[in-house]
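To start, the structure under review is shown below, and the notes come after it.
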Number of protein chains: 4
Amino acid sequence: MVSGMPSRNPSQSARTGRPRSAAADAAILDATRAALVELGWSKLTLGDVASRAGVAKTTLYRRWPGKNELVVDAVAVLFDELEVPDRGSLAADIEGVVLEFAALLERPEARTALMAVVAESTRDEALRERIRDSIVDRQKRLVLLGRRRAQARGELPPAPDEASAAHVDDLIFDVIAGAVVHRALVSAEPVDKEWIRGLTGLLLGGLSAATEA
Amino acid sequence: MVSGMPSRNPSQSARTGRPRSAAADAAILDATRAALVELGWSKLTLGDVASRAGVAKTTLYRRWPGKNELVVDAVAVLFDELEVPDRGSLAADIEGVVLEFAALLERPEARTALMAVVAESTRDEALRERIRDSIVDRQKRLVLLGRRRAQARGELPPAPDEASAAHVDDLIFDVIAGAVVHRALVSAEPVDKEWIRGLTGLLLGGLSAATEA
Amino acid sequence: MVSGMPSRNPSQSARTGRPRSAAADAAILDATRAALVELGWSKLTLGDVASRAGVAKTTLYRRWPGKNELVVDAVAVLFDELEVPDRGSLAADIEGVVLEFAALLERPEARTALMAVVAESTRDEALRERIRDSIVDRQKRLVLLGRRRAQARGELPPAPDEASAAHVDDLIFDVIAGAVVHRALVSAEPVDKEWIRGLTGLLLGGLSAATEA
Amino acid sequence: MVSGMPSRNPSQSARTGRPRSAAADAAILDATRAALVELGWSKLTLGDVASRAGVAKTTLYRRWPGKNELVVDAVAVLFDELEVPDRGSLAADIEGVVLEFAALLERPEARTALMAVVAESTRDEALRERIRDSIVDRQKRLVLLGRRRAQARGELPPAPDEASAAHVDDLIFDVIAGAVVHRALVSAEPVDKEWIRGLTGLLLGGLSAATEA
DNA sequence: CGATAAACGAGACGGTACGTCTAGTCTTGAA
DNA sequence: TTCAAGACTAGACGTACCGTCTCGTTTATCG
């Protein structure tokens with residue numbers, strides 16, 4: 001199943017009756033992003049999204065359980081656009097992906113939505129799953145790719161075993177993503193080139209120290 | 001310093017009229033934390049907080065502009081309880097403070113509130129200021145203290161100048177706080193001893209590499 | 001004629017969407033009268049009316065602009081119950097209708113509501129219209145009927161022309177209704193048989209004197 | 001005791017302490033009338049009256065129990081300005097006083113206040129008393145004076161006994177006042193010369209018919 | 001003259017209702 | 001069976017007044 005798609009009736013196939021409009025899904029997600037930009041998370045209402053999308057509220061509720069899940073689906077695709085540019089060195093690759101991530105966090109729909117759904121997810125197990133599936137786990141590919149590329153270049157030693165490599169990947173993922181998000185949204189200070197260089201230096205130092213040991 | 005306190009009438013001193021009840025402030029903030037634990041951010045209502053506190057809604061609105069500001073003040077004190085335990089080495093000190101921070105993020109009122117107000121702050125400059133003053137900047141003392149202690153122990157070289165030291169402190173702050181928050185709330189995985197050891201190792205390696213250069 | 005009914009969407013026909021519940025209208029008006037009896041005008045709240053009627057506040061506000069208009073509609077039907085009993089003579093007819101009117105003004109919902117909405121109408125042109133349409137003009141039929149009956153009996157000469165007859169009708173209407181209301185509510189003294197006999201005598205004398213001239 | 005004055009401490013004289021400001025009474029009543037003109041009964045608030053009068057709310061509540069009583073006192077003096085002009089005949093006298101009364105009912109503070117306090121009085125015995133004492137009974141002097149003058153002129157026979165004369169006076173009072181109020185405020189049509197002539201004709205006819213019998 | 005006592009302004013207080021908004025569901029007729 | 005439309009119940013929102021209270025201050029009379 002492709003993430004981000006609202007679930008079809010799960011029990012059995014709906015052979016009879018009018019089929020759901022495929023266009024409606026796209027219109028709703030577009031409208032959601034547009035409303036996030038204009039209004040932000042807390043002032044976004046599903047009634048407004050529905051009318052922007054030219055769709056009845058019932059249509060919307062038939063496909064998503066509520067605001068949280070809709071917004072997760074609406075912003076997940078933004079994160080899928082992230083890439084690790086091949087800039088020739090691990091340091092440059094890290095700087096490149098961080099720049100992209102910082103640019104993403106400049107977009108108002110991402111800024112306002114990300115923290116909000118995470119906040120909601122602290123009391124909603126299903127939402128936490130959805131966020132993990134649609135956003136978090138999908139972006140770990142960036143760390144994996146960066147590491148493999150560095151190993152191919154000889155900048156990092158080959159992984160002794162997959163399990164411990166995955167642990168390190170997870171750590172690096174949380175450190176990079178966490179540091180950037182914290183800088184951008186909590187400390188509310190610019191993620192500029194200088195800061196990124198500092199972060200990259202810290203990481204590379206830490207990684208090489210770890211591999212030397 | 002009196003941060004975290006609701007603002008008295010700012011223009012001029014209120015010598016006249018009935019003075020505001022000091023007990024009400026405490027009751028409201030206690031009620032806010034209790035409601036956060038029970039209901040979480042999104043189901044917390046100011047009417048409920050008021051009635052828990054045994055206070056009229058107007059009293060609450062007279063002192064705080066809204067839910068965001070109230071919650072910032074209510075949880076800010078939780079962050080003030082963080083300390084850097086002196087465990088004899090920089091590594092142990094980092095592990096100690098991260099453990100404390102992780103414990104704080106286990107508390108439901110902190111979990112649900114922190115991300116939520118940050119999300120709101122992306123569209124509210126005044127709220128951003130308030131968070132910075134009441135929470136973020138106040139906790140940077142932890143990094144400062146940890147660094148000074150390490151320098152006193154000789155684990156880190158003395159700072160060449162204050163400005164660049166502050167930059168490094170800020171970086172370390174965002175990396176540690178960001179990584180822990182991201183691990184706990186976004187990745188939604190446990191901040192356990194093993195993970196903390198990995199993070200600490202990465203940091204120490206990065207720091208020593210940086211100071212050797 | 002459907003006066004007293006809340007206005008349907010005025011611009012164009014509502015063919016689409018769920019139709020408004022007809023039962024709700026009746027429940028709301030009943031609840032309004034009941035609340036007027038128990039609480040009186042000034043303590044009647046729309047929230048209370050809604051909950052008595054088993055209806056949400058929004059349903060109420062969707063149909064009436066506010067308390068004034070709702071109460072006018074709620075009490076207008078009481079006035080429609082007034083009749084001119086055929087007692088065989090003009091004097092007896094007048095006494096009969098005044099007795100009925102006095103009995104109406106004994107009812108607490110009418111007492112408390114009538115003056116209140118009139119008071120409000122002194123600053124609200126639309127409300128003035130509504131009162132005129134729903135209450136005042138509808139009751140002028142009583143005077144018209146009484147006059148026609150008296151003319152048929154030969155107690156009053158036939159009207160020379162309709163216009164002047166209407167003027168006299170209006171005068172008689174204001175005199176009778178005004179005198180009874182003033183006695184009952186302003187002077188706050190009983191509208192008993194003796195007083196009614198005096199009023200009737202005054203009117204008959206005045207009418208016969210006018211027609212003799 | 002002169003009506004319209006707020007009650008001093010009733011039990012016994014207050015010899016000691018700061019005496020009440022006499023100027024405050026006047027300022028409050030003036031402010032009340034001004035607020036009635038601007039805002040009308042239902043939007044008049046005691047807080048606004050107090051601030052218009054340059055007085056604290058407590059000062060106001062120390063003197064009047066509430067809005068109803070304050071407004072009765074504030075408008076009662078307007079009614080005391082009514083006079084029966086001596087125009088030489090009973091018909092002309094009636095027309096004169098009705099004209100004055102109609103002019104009074106054109107004043108917004110009187111229009112909005114009179115019906116409102118009467119409406120409130122239907123559920124408040126004490127208020128009913130206050131209205132009777134401050135307004136209603138005081139204006140019956142007008143009917144008494146008109147009757148005596150007409151008797152002196154020989155237009156009406158002398159009263160056989162005082163009791164029945166008082167009954168007739170009361171009836172005439174309710175008829176005139178009621179008709180004018182109903183015409184002006186309920187029917188919401190102009191109390192113009194033509195209508196007044198009709199009313200006067202009706203009354204004179206009725207009175208002469210009664211005295212002939 | 002100093003003590004006492006009430007009235008005063010200011011404004012905070014607990015309440016209550018307001019009229020609006022949004023959530024999520026339900027009921028129509030049309031596709 | 002879905003769809004657009006829109007009415008429905010439920011309940012929070014933030015505001016406005018209510019009538020009371022608690023201050024510090026003022027203005028009188030009385031001892």
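Naming convention: chains lettered A, B, ... in sequence-line order (proteins, then strands); numbering from 1 in each chain.
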To the nearest angstrom, the CG-C1' distance between Asp48(B) and dG11(F) comes to 13 Å
The correct set of residues in residues 33-47 of chain D placing a heavy atom under 4.0 Å from DNA chain F is Thr45(D), Leu46(D), Gly47(D)
Side-chain contact test, heavy atoms from C-beta onward, threshold under 4.5 Å: evaluate it for Thr122(D) versus Trp41(C) and give yes or no.
no
Between CD1 of Ile28(D) and C1' of dC8(E) the distance, given in whole Å, is 11 Å
Whole-Å distance, Trp64(A) CH2 to dA23(E) C1', equals 18 Å
note: Arg20(C), atom CZ; dA5(F), atom P; distance rounded to Å ~ 17 Å
Treating Thr112(C) as the side-chain partner and Glu109(C) as the backbone partner, does any N or O pair qualify as donor plus acceptor under 3.5 Å? no
Tell me if a side-chain donor or acceptor on Lys67(B) pairs with a main-chain N or O of Leu44(B) at a distance below 3.5 Å.
yes
Listed pairs, N/O of protein and of nucleotides 25-27 of chain F, under 3.5 Å:
residue: dT26(F); atom: O2; partner: Arg18(D); partner atom: NH1; Å: 3.0

With Val71(A) as partner, the option from Leu114(A), Val49(A), Leu36(A) fulfilling side chain to side chain contact (heavy atoms under 4.5 Å, CB included) is Leu36(A)
Atom OH of Tyr61(A) and atom C1' of dC8(F) are separated, to the nearest Å, by 14 Å
In whole angstroms, the gap separating C1' of dT16(E) from NZ of Lys67(C) amounts to 13 Å
Show which side-chain atoms of residues 54-61 of chain C pair as donor or acceptor with protein atoms under 3.5 Å away, not counting sequence neighbours.
none

One thing to verify: whether Glu69(D) and Arg63(D) come together as a salt bridge, which I'm taking to mean a side-chain N less than 4.0 angstrom from a carboxylate O.
no
Side chain to side chain contact (heavy atoms under 4.5 Å, CB included) filter on Arg128(C), not counting sequence neighbours, yields Ser121(C), Glu125(C), Ala188(D)
Point to revise | Under-4.0 Å salt bridge between Asp25(B) and Arg20(B) | key: no
The correct set of residues in residues 52-60 of chain B placing a heavy atom under 4.0 Å from DNA chain F is Lys57(B), Thr58(B)
Partner of Glu38(B) under salt bridge (charged side-chain N to carboxylate O under 4.0 Å, His left out), picked from Arg33(B), Lys43(B), Arg52(B), is Arg52(B)
Per nearest nucleotide of DNA chain E, the residue lying toward the 5' end, Gly66(C) or Gly66(A), is Gly66(C)
| said: Taking only side-chain N and O atoms of Arg62(C), does any of them lie within less than 4.0 angstrom of OP1 or OP2 on dT20(E)? | reply: no
Residues passing the side chain to side chain donor-acceptor pair (under 3.5 Å) test with Thr45(C), sequence neighbours excluded, are none
Taking every heavy atom of Ser134(B) against every heavy atom of Asp73(B), the minimum-distance pair comes out as OG-OD1, 4.2 Å
